Amino acid sequence: TLIVFQLCPTPVPTEEHPLQPFLPPHARLLMLGSFPPQKKRWCMDFYYPNFINDMWRIMGYIFHGDRNWFVDERAKCFKKAMIVEFLLDKGIALYDTASAVRRLQDNASDKFLEVVTHCTAIVTTGQKATDTLCDTFHISQPAIGSFSPFVTEGRELRLYRMPSSSRAYPMKLEKKADFYRKMLDETGLL
């Protein structure tokens, strides 16, 4: 009798993003990375936490002429409090484009990340916001309550134009809610 065992590959677990978006109230720049490295590579509980990543050295060099401005060499970590203060002062927001991934190899390389969940739509709730995004991405302006598809960085996204939530906008709340409900349903959030 011959018994054959077939080895089934171990399913790769999905990782949810471990950090909340860092959004200073007066942010002028939003920097989007891919996804944080594995926790075992972190030297602090914040963005760009891997000590061999140069983000905070780059910022120290540019803004202070000192690549080690945000570095604690002795502890082999970054100075999180100084980084947060710097980002708040400069108005720099941080987050990532993926909110859930599977690591196909045991490392932090983007080329071995399978994005499970990422941003698929952008919503504007005012005419100026809509005009700005349409001009920036060369998107045709969607009608209120609908979307215009567009491609950026090889990814298909949707720009939804929702009615303003301001009471000055002349539309009944229930009608506004209908538009929002449709968009939330189409994006899989309802």
Side-chain angles (χ1 to χ4, degrees), residues 5-123 133 136-137 149-160 184 186-190:
F5 291 99
Q6 185 174 4
L7 297 176
C8 297
T10 305
V12 179
T14 298
E15 290 180 47
E16 298 294 324
H17 202 292
L19 299 168
Q20 293 297 311
F22 180 78
L23 304 170
H26 63 287
R28 296 177 52 213
L29 173 68
L30 171 59
M31 292 177 52
L32 295 172
S34 301
F35 199 80
Q38 298 150 299
K39 279 265 198 180
K40 67 184 180 184
R41 302 198 192 291
W42 291 23
C43 71
M44 69 174 173
D45 190 24
F46 197 64
Y47 288 88
Y48 302 97
N50 190 332
F51 193 66
I52 64 170
N53 186 289
D54 281 334
M55 177 58 71
W56 304 121
R57 289 176 184 88
I58 291 167
M59 292 298 176
Y61 182 75
I62 291 170
F63 287 93
H64 300 283
D66 179 358
R67 65 184 296 147
N68 290 318
W69 185 262
F70 297 114
V71 177
D72 181 340
E73 276 294 338
R74 194 171 335 138
K76 296 282 188 226
C77 67
F78 298 111
K79 300 173 184 174
K80 179 183 172 185
M82 284 179 64
I83 291 168
V84 168
E85 183 181 334
F86 160 76
L87 295 169
L88 289 169
D89 178 59
K90 296 297 179 191
I92 299 174
L94 302 172
Y95 198 54
D96 292 310
T97 58
S99 58
V101 300
R102 282 194 275 280
R103 292 187 198 279
L104 304 180
Q105 289 195 8
D106 187 35
N107 62 37
S109 174
D110 283 358
K111 67 182 174 182
F112 298 115
L113 288 182
E114 176 187 11
V115 176
V116 175
T117 307
H118 59 81
C119 177
T120 57
I122 298 171
V123 175
L133 271 156
T136 301
F137 291 105
F150 69 102
V151 176
T152 184
E153 300 290 319
R155 288 185 42 211
E156 292 183 28
L157 297 170
R158 293 178 172 185
L159 172 63
Y160 280 89
L184 292 167
E186 289 175 357
T187 57
L189 294 171
L190 272 185

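Note that the structure is predicted; figures quoted are calculated from it, not measured.
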Give me the atom names and distance for the closest heavy-atom approach of [X] to [Y].
X: V151; Y: E156; result: CG2-CG, 3.9 Å
X: P37; Y: W42; result: O-NE1, 2.8 Å
X: W56; Y: Y47; result: NE1-O, 3.0 Å

Partner residues of [X] under the side-chain contact (heavy atoms from CB on, under 4.5 Å) criterion, sequence neighbours left out:
X: L133; result: I122, T124, F137, L159
X: A98; result: F35, V101, V115
X: S99; result: Y95, T117

- Query: Among all residues two or more places apart in sequence or in another chain, which pass the salt bridge (charged side-chain N to carboxylate O under 4.0 Å, His left out) test with D54?
  - Reply: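 Salt bridge (charged side-chain N to carboxylate O under 4.0 Å, His left out) list for D54, sorted by chain: R57.
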- With sequence neighbours excluded, tell me which residues meet salt bridge (charged side-chain N to carboxylate O under 4.0 Å, His left out) with K111.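 If we apply the salt bridge (charged side-chain N to carboxylate O under 4.0 Å, His left out) test to K111, skipping adjacent residues, there are no hits.
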- Message: For residues 58-71, which residue pairs pass the salt bridge (Lys or Arg N to Asp or Glu O under 4.0 Å) check, not counting sequence neighbours?
- Response: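 Listed by first then second residue: nothing to list.
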- Would you mind listing every salt bridge (Lys or Arg N to Asp or Glu O under 4.0 Å) that reaches into residues 21-34, with sequence neighbours excluded?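 The answer is none; no pair qualifies.
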- Message: Quick check for you: to the nearest 0.5 Å, what is the distance between L30 atom CG and L94 atom CG?
- Response: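 Answer rounded to 0.5 Å: 8.0 Å.
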- From CG (N53) to CZ (R41), nearest 0.5 Å: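 Answer rounded to 0.5 Å: 12.5 Å.
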- Message: I want to check something: taking the side chain as every heavy atom from C-beta on, are K90 and M59 in contact at a cut-off of under 4.5 Å?
- Response: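 In short, these two side chains do not touch, never coming nearer than 4.5 Å.
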- So, do L88 and F22 sit near enough that their side-chain heavy atoms are less than 4.5 Å apart?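 Yes - at least one pair of side-chain heavy atoms lies under 4.5 Å apart.
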- Message: My understanding is that only residues two or more places apart in sequence, or in another chain, count here; which of them pass side-chain hydrogen bond (donor to acceptor under 3.5 Å, both in side chains) with K39?
- Response: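 side-chain hydrogen bond (donor to acceptor under 3.5 Å, both in side chains) list for K39, sorted by chain: empty.
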- Item | Pairs flagged by side chain to side chain donor-acceptor pair (under 3.5 Å) wherever residues 12-24 is involved - sequence neighbours left out |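 Listed once each, the pairs are T14-R102, E15-R103, H17-D96.
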- Item | Enclosure of I62 CD1 (heavy-atom neighbours >12, cutoff 6.0 Å) |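 Yes, enclosed.
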Going by atom type alone, with no hydrogens or angles, which donor-acceptor pairs under 3.5 Å involve a side-chain atom of residues 69-87 and a protein atom two or more places apart or on another chain?
unit_1: W69; atom_1: NE1; unit_2: H64; atom_2: NE2; d: 3.2
unit_1: D72; atom_1: OD1; unit_2: R74; atom_2: N; d: 3.3
unit_1: D72; atom_1: OD1; unit_2: A75; atom_2: N; d: 3.1
unit_1: E73; atom_1: OE1; unit_2: K76; atom_2: NZ; d: 3.3
unit_1: K80; atom_1: NZ; unit_2: D45; atom_2: O; d: 3.1

- Query: Taking only residues two or more places apart in sequence or in another chain, which ones pass ring pair (Phe, Tyr, Trp, His ring centres under 6.0 Å) with Y61?
  - Reply: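 Ring pair (Phe, Tyr, Trp, His ring centres under 6.0 Å) list for Y61, sorted by chain: empty.
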